[in-house]
Peer 1: 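The structure's right below; bear with me while I get my questions together.
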Protein chains: 2
Amino acid sequence: MRKENHTTFYNLDTDKQKIILQSAIVEFSRQGYAKASCNRIVRAAGISKGSLFQYFGSKEGLFVFVCDRFIRKVKDAVKHADVDGEGFFALIRAVLISGVDFIDSYPEYFQIYLKVMFEQDVPGRGEFLRRVCLFSSEYLGLACQAAQESGLIRQDVSTEMILFSVDAVFDKFFLSYAGTGAQSLVLHGLGQSELQEKINELVAILEQGLARGGPN
Amino acid sequence: MRKENHTTFYNLDTDKQKIILQSAIVEFSRQGYAKASCNRIVRAAGISKGSLFQYFGSKEGLFVFVCDRFIRKVKDAVKHADVDGEGFFALIRAVLISGVDFIDSYPEYFQIYLKVMFEQDVPGRGEFLRRVCLFSSEYLGLACQAAQESGLIRQDVSTEMILFSVDAVFDKFFLSYAGTGAQSLVLHGLGQSELQEKINELVAILEQGLARGGPN
DNA sequence: GCATATTATGACCAGGTGGTCATAATACCT
DNA sequence: AGGTATTATGACCACCTGGTCATAATATGC
């Protein structure tokens with residue numbers, strides 16, 4: 001594998017950089033890693049194959065480059081998410097809303113994330129997932145623990161299982177919103193207020209459970 | 001595409017049939033549809049390429065054949081699942097347990113299901129998922145509705161969202177159990193009693209919610 | 001034993017893949 | 001303008017893919 005030369009890539013017009021990156025992102029988001037074709041990427045970007053390999057060295061190098069950009073976007077999104085109100089369930093709401101925002105802003109990136117999640121032999125898969133999910137396992141995990149300790153949520157089940165339940169709801173919610181798979185619940189294309197209504201229902205269930213009767 | 005000839009396949013020794021099928025199942029479970037290689041399958045099965053195409057006509061034909069077997073196993077599993085006890089949450093427990101049983105019995109089939117779930121351009125994907133998930137969308141959906149109507153579970157949220165929540169927990173539970181992805185909760189390799197304990201916790205959360213205090 | 005029908009085989013095909021590299025084009029400096 | 005360093009290009013490579021088919025092997029019927 002020839003060594004990549006990111007410098008040459010960065011010397012390009014910003015527009016051309018964007019076109020190339022976007023072509024790669026679209027291809028990876030549609031095909032995942034293994035099925036993605038460098039030929040299609042260069043065709044879409046309007047550059048020669050030699051150039052692509054000059055910039056990124058290999059298919060793997062290009063993919064890692066794209067993933068780095070992705071991670072950067074995720075970090076930005078997490079940083080700028082603001083929790084509206086106090087308490088554990090306000091946090092849950094905030095995460096749901098900022099997740100939806102992220103999918104709206106970068107739908108292709110989200111697709112790449114999903115593809116990588118369920119594809120084997122993707123270069124850097126482990127590290128990539130770890131970094132993307134860092135939020136869940138660390139930030140959210142700590143939040144659950146803190147909420148338990150301060151008595152905001154029940155203490156008679158393990159923090160592990162609390163986090164698991166919250167994650168489960170998040171995962172399926174975002175998956176439904178992105179419209180992937182044969183989902184029963186249609187979230188994609190809903191208006192702001194309708195979506196808010198769905199979130200309220202979901203948090204109500206998470207908070208008070210499915211059993212009959214109110215929260216107390 | 002030459003027409004397939006299942007008859008010729010069925011005329012084979014039962015053992016040879018099993019070897020061929022198993023080779024295909026293993027390949028599809030590891031690689032999904034697109035990445036799966038007919039060459040690898042025939043090599044693993046110890047038959048010639050021509051024979052495989054004689055039996056099944058095409059890669060797609062082979063895949064559909066494998067999927068049919070899968071569907072049959074799912075139907076059997078659903079049929080033989082017995083609900084221990086009464087009420088909505090006994091049903092939830094039963095589904096979790098029989099799901100775990102299925103994954104133990106047919107781990108490769110479950111992997112194929114996961115792969116198909118998140119892969120595009122898989123022949124018969126839509127119908128396959130519909131048939132596998134028929135249980136969720138129909139049986140379980142009706143059960144939720146019935147439980148609401150008879151007052152077993154709360155009525156102030158939509159049936160749709162109830163089913164959504166239950167599905168979310170199921171999906172992540174089975175995914176964790178199968179050990180796919182970078183899961184925080186380790187379920188795979190747990191003993192019977194430890195697993196039962198996890199299920200109890202999970203159902204408790206589903207039933208009573210995360211908020212402080214008991215179910216009433 | 002012979003003739004016929006069925007089944008097995010793998011060399012072969014067109015097309016796609018990631019990757020290379022001699023050559024051409026361009027930019028830059030004096 | 002001339003010379004040098006950088007960048008762009010696409011024909012080409014080895015390899016793999018799903019699929020075919022003439023031929024060989026085998027089973028069957030008489």
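Hydrogens, waters and symmetry mates are skipped; everything else that's a heavy atom, side chains included, is used. A, B, ... follow the sequence lines: proteins, then strands. Residue 1 opens every chain.
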Peer 1: How would you list, by chain and number, every residue that makes a ring-ring contact (aromatic ring centres under 6.0 Å, His included) with B:F28, sequence neighbours excluded?
Peer 2: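 Counting only residues at least two positions away or on another chain, B:F28 forms a ring-ring contact (aromatic ring centres under 6.0 Å, His included) with B:F63.
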Peer 1: Mind calculating the distance between NZ (A:K35) and C1' (D:dT17) to the nearest angstrom?
Peer 2: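 Nearest whole value for this atom pair: 14 Å.
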Peer 1: Heavy-atom contacts under 4.0 Å between residues 36-47 of chain B and DNA chain D, which residues?
Peer 2: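 Those residues are B:A36, B:S37, B:C38, B:N39, B:R40.
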Peer 1: Donor-acceptor pair under 3.5 Å: do we get one between B:K49's side chain and the base of D:dG19?
Peer 2: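 Yes.
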Peer 1: Run the ring-ring contact (aromatic ring centres under 6.0 Å, His included) test against B:F118 and tell me which residues pass, sequence neighbours left out.
Peer 2: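 Scan of B:F118 (ring-ring contact (aromatic ring centres under 6.0 Å, His included), adjacent residues dropped) gives A:F118.
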Peer 1: For B:T159, give me all partners under side chain to side chain donor-acceptor pair (under 3.5 Å), at least two apart in sequence or on another chain.
Peer 2: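 Testing B:T159 for side chain to side chain donor-acceptor pair (under 3.5 Å), a comparison that skips the adjacent residues, returns B:Q148.
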Peer 1: Begin with the C-alpha distance, continue with both residues' side-chain angles, and end with the deciding distance and a verdict on salt bridge (Lys or Arg N to Asp or Glu O under 4.0 Å) for B:E127 and B:R131.
Peer 2: CA-CA 6 Å; B:E127 201 202 337; B:R131 287 167 73 183; 3.4 Å; yes
Peer 1: Rounded off to whole Å, could you give me the CG-to-P distance for the B:L62 and D:dG19 pair?
Peer 2: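 Answer to the nearest Å: 10 Å.
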Peer 1: Round to a whole Å and report the spacing from CZ of A:F56 to P of C:dG18.
Peer 2: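 Spelled out: CZ on A:F56 to P on C:dG18 is 15 Å.
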Peer 1: Let me know the distance between NZ of B:K16 and P of D:dT26, rounded to the nearest Å.
Peer 2: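 Checked: the NZ to P distance equals 12 Å.
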Peer 1: Does any pair with a residue in residues 31-51 of chain A pass side chain to side chain donor-acceptor pair (under 3.5 Å), and if so which ones, sequence neighbours excluded?
Peer 2: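 Pairs touching residues 31-51 of chain A that pass the test: A:E27-A:R40, A:N39-A:K49, A:S48-A:S51.
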Peer 1: Report yes or no: does A:R125 contribute a side-chain atom to a donor-acceptor pair with the main-chain N or O of A:Q120 at less than 3.5 Å?
Peer 2: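 Here the side-chain-to-backbone pair does not exist.
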Peer 1: I need the CZ-C1' distance between A:F53 and C:dA22, as an integer number of Å.
Peer 2: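 Distance, rounded to whole Å: 18 Å.
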Peer 1: Please confirm whether the shortest side-chain N or O distance from B:S51 to OP1 or OP2 of C:dT9 is below 4.0 Å.
Peer 2: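 B:S51 to C:dT9 OP1/OP2: side-chain N or O found under 4.0 Å.
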Peer 1: For A:L142, check side chain to side chain contact (heavy atoms under 4.5 Å, CB included) against everything at least two apart and list the hits.
Peer 2: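 With neighbours one apart ignored, the set is A:Q145.
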Peer 1: Does A:N200 have any side chain to side chain donor-acceptor pair (under 3.5 Å) partners at least two apart in sequence or in another chain, and if so, which?
Peer 2: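 Partners of A:N200 by the side chain to side chain donor-acceptor pair (under 3.5 Å) criterion, ordered by chain and then number, come out as A:R93.
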Peer 1: When you compare the protein's N or O atoms with those of nucleotides 4-7 of chain D, which come within less than 3.5 Å of each other, and at what distance?
Peer 2:
unit_1 : atom_1 : unit_2 : atom_2 : d
D:dT7  : OP1    : A:N11  : ND2    : 3.4

Peer 1: Rounded off to whole Å, could you give me the CG-to-C1' distance for the A:L52 and C:dC21 pair?
Peer 2: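 Nearest whole value for this atom pair: 16 Å.
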Peer 1: Take atom CD of A:E4 and atom P of C:dG19, then tell me their distance rounded to the nearest Å.
Peer 2: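 Rounding to the nearest Å, CD of A:E4 and P of C:dG19 are 12 Å apart.
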Peer 1: For residues 64-77 of chain A, run the donor-acceptor check on the side chains, cut-off 3.5 Å, and write out each pair with its distance to 0.1 Å, sequence neighbours left out.
Peer 2:
none

